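Remember, predicted model here, so these are calculated numbers, not experimental data.
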Amino acid sequence: MIDYTRRLLDLHISQATNSLHKAKSYSYSDKHKEKYQSDLYVLFERIQEAITKSNPKEDTEIFKYKKHLDFIFKSLEFLGSSTLNLIPYEIVECLRYAMSDWVDETDNYIIVTSLINNVEEFSYDPEIAFNDQLYSDIKECYGGLTFERKLVQINLPRSLSRDYLSSVVLYHELGHFIDIKLSIMESLVLDLEGRYVGEIFSEADINQIKVYLPFFERIESKPFADLIQVHLAEYFCDLFASQYIGEASNHFLSYVTEKSEYYDSTHPSTTNRIQVVKDFLDGKDNIIVKIISEATKRVTKKDLVIRFQKIISDDFYNLLPVEISSVNQLHGIYDYAWKLWLASTEELEAKMELQKPISSEKVYSIINNLTEKSIGNFITLHKWNKVYLEKAAI
């Protein structure tokens, strides 16, 4: 009788052989990705050796190897969308700067993207970055093999991978990585449960919280506590992103969700999310901003504060990239680009001193291209200056 499970493991190995062979053509701008990929080849060779030696027949043993092969495929999925020609390099570099504000060991992570054939698919995938058990198993099973860096996997629409207006959403997705890594909202839910049960909140506070967290009164029930944490995580990520891009993601979110006034199991209502961000940016009292800010400070010793510098420039009107002078201005380029896009076409035509009307498509192309060039110029100059200072110190 044929052991189908064993034959399917052989199929998995054959598929991995083919995928790894194709990956040899990948070209990266980041040497760390090259190292990560070379470690995948070493892992695959050791998996093959282990299977040949043990000739597994039991399902538990076969599925152990399956998980390790799945890890290779998952890694290749993101590496394949993070090659020199595909990765939205400028956007990813902005995210790296934001990550460094919150994570000391930034060099332990590689931000990678997966391009999805869905125009609304922006998401964060925590599967690899936080699967410590998987890395431990690989180290134990394959002669101490370790991966020096872990992948921070962000999904975005393939059709928008070079769109610098919608890319502001990626700051929100990075917020999910920060939240999970530092357990900020997990800590907040435990704190809220204790404070609510202890009747520390005033009736007015509770009524306001319930506007944003409709199930708050049922926080002692595990399913509802989990739901509350999911919703709080979305609010946190909105606030996290707004530190760097202001209201920019509010504009995009409002349109994509059609200004939804309803919540579901994964997200609060769009109207509530937008209000939380506006109150944070305007410095207005808001109970959700208050409790999330307190939790963030308690866990990370860092404040949720506006971290971008507004750019005052007419460069784009003159068809010139903005000369960015700091990381704060780097983040501020998104706020600047969105303000230009939301301005009236007539205003743009007047400032650009055009004799003929300009189409929205042309305005979009100008803003998008100049935003990319502004970021790219800053990153290049920043790296050159770093190399120069390092050589000067020798």
Side-chain angles (χ1 to χ4, degrees), residues 8-52 65-96 106-119 121-129 131 134-135 138 141-143 145-164 167 170 173 177 368-369 372-373 375-376 379-380 383:
L8 286 168
L9 175 62
D10 292 337
L11 174 63
H12 206 175
I13 292 170
S14 300
Q15 292 166 336
T17 300
N18 188 47
S19 294
L20 285 165
H21 178 72
K22 290 180 180 177
K24 289 182 178 180
S25 65
Y26 293 170
S27 177
Y28 305 110
S29 61
D30 183 351
K31 64 181 180 181
H32 299 314
K33 294 192 188 79
E34 294 176 359
K35 175 64 167 62
Y36 189 99
Q37 182 169 311
S38 68
D39 287 340
L40 290 180
Y41 288 110
V42 174
L43 172 60
F44 182 62
E45 289 173 0
R46 294 188 184 180
I47 290 173
Q48 286 182 301
E49 290 170 2
I51 290 173
T52 300
Y65 293 121
K66 174 189 176 297
K67 286 184 175 64
H68 301 159
L69 291 167
D70 285 341
F71 168 74
I72 292 175
F73 274 96
K74 192 71 175 177
S75 296
L76 289 176
E77 172 190 333
F78 283 85
L79 289 172
S81 293
S82 299
T83 59
L84 194 60
N85 296 327
L86 289 177
I87 189 171
Y89 175 73
E90 288 78 10
I91 299 169
V92 168
E93 284 299 295
C94 291
L95 297 179
R96 280 186 56 79
T106 303
D107 286 343
N108 291 347
Y109 297 96
I110 304 171
I111 297 177
V112 289
T113 54
S114 183
L115 304 182
I116 308 298
N117 292 322
N118 181 337
V119 74
E121 182 59 35
F122 292 91
S123 61
Y124 169 66
D125 187 338
E127 185 174 339
I128 291 182
N131 196 339
L134 176 64
Y135 288 101
I138 289 173
C141 293
Y142 307 112
L145 177 62
T146 59
F147 285 77
E148 295 175 2
R149 291 169 175 81
K150 297 179 181 178
L151 302 184
V152 176
Q153 308 161 242
I154 296 177
N155 301 309
L156 70 156
R158 183 179 300 276
S159 58
L160 297 178
S161 65
R162 296 284 178 178
D163 181 279
Y164 289 85
S167 65
L170 301 188
E173 303 309 333
F177 166 76
N368 202 55
N369 291 340
E372 180 178 15
K373 286 182 173 62
I375 297 171
I379 291 169
T380 300
K383 288 187 175 181

Fill in: Minimum heavy-atom distance R96-Y109, with the two atoms named
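Smallest interatomic distance, heavy atoms only, reads NH1-O, 3.7 Å.
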
Note to self: For a quick test of reading the model, state the closest non-hydrogen atom pair linking Y124 to E173 and the distance between them.
What the structure shows: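 Y124 and E173 have their closest heavy atoms at N-OE1, 3.2 Å.
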
Can you name the side chain to side chain donor-acceptor pair (under 3.5 Å) partners of N368, sequence neighbours left out?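 Testing N368 for side chain to side chain donor-acceptor pair (under 3.5 Å), a comparison that skips the adjacent residues, returns none.
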
Find out whether [X] and [Y] are in side-chain contact, i.e. whether some heavy atom of one side chain is under 4.5 Å from a heavy atom of the other.
X: Y65; Y: H12; value: no
X: P157; Y: F122; value: yes
X: Y26; Y: K33; value: no
X: Y89; Y: I375; value: no
X: S161; Y: T113; value: no
X: F147; Y: L43; value: yes
X: Q153; Y: E77; value: no

E90/R162 salt bridge by N-O under 4.0 Å criterion:
yes

One should read off an interatomic distance between D10 CG and I51 CD1, to the nearest 0.5 angstrom, of 7.5 Å

Here the gap from L156 atom CG to L115 atom CG, rounded to the nearest 0.5 Å, amounts to 5.5 Å

Option from E45, H68, R46 for which side chain to side chain donor-acceptor pair (under 3.5 Å) with Y142 holds: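 For Y142, the side chain to side chain donor-acceptor pair (under 3.5 Å) test succeeds with only one of E45, H68, R46, which is H68.
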
Exercise. Taking it one step at a time, do F78 and Y36 satisfy ring-ring contact (aromatic ring centres under 6.0 Å, His included)?
Worked result: CA-CA 12 Å; F78 283 85; Y36 189 99; over 10 Å; no

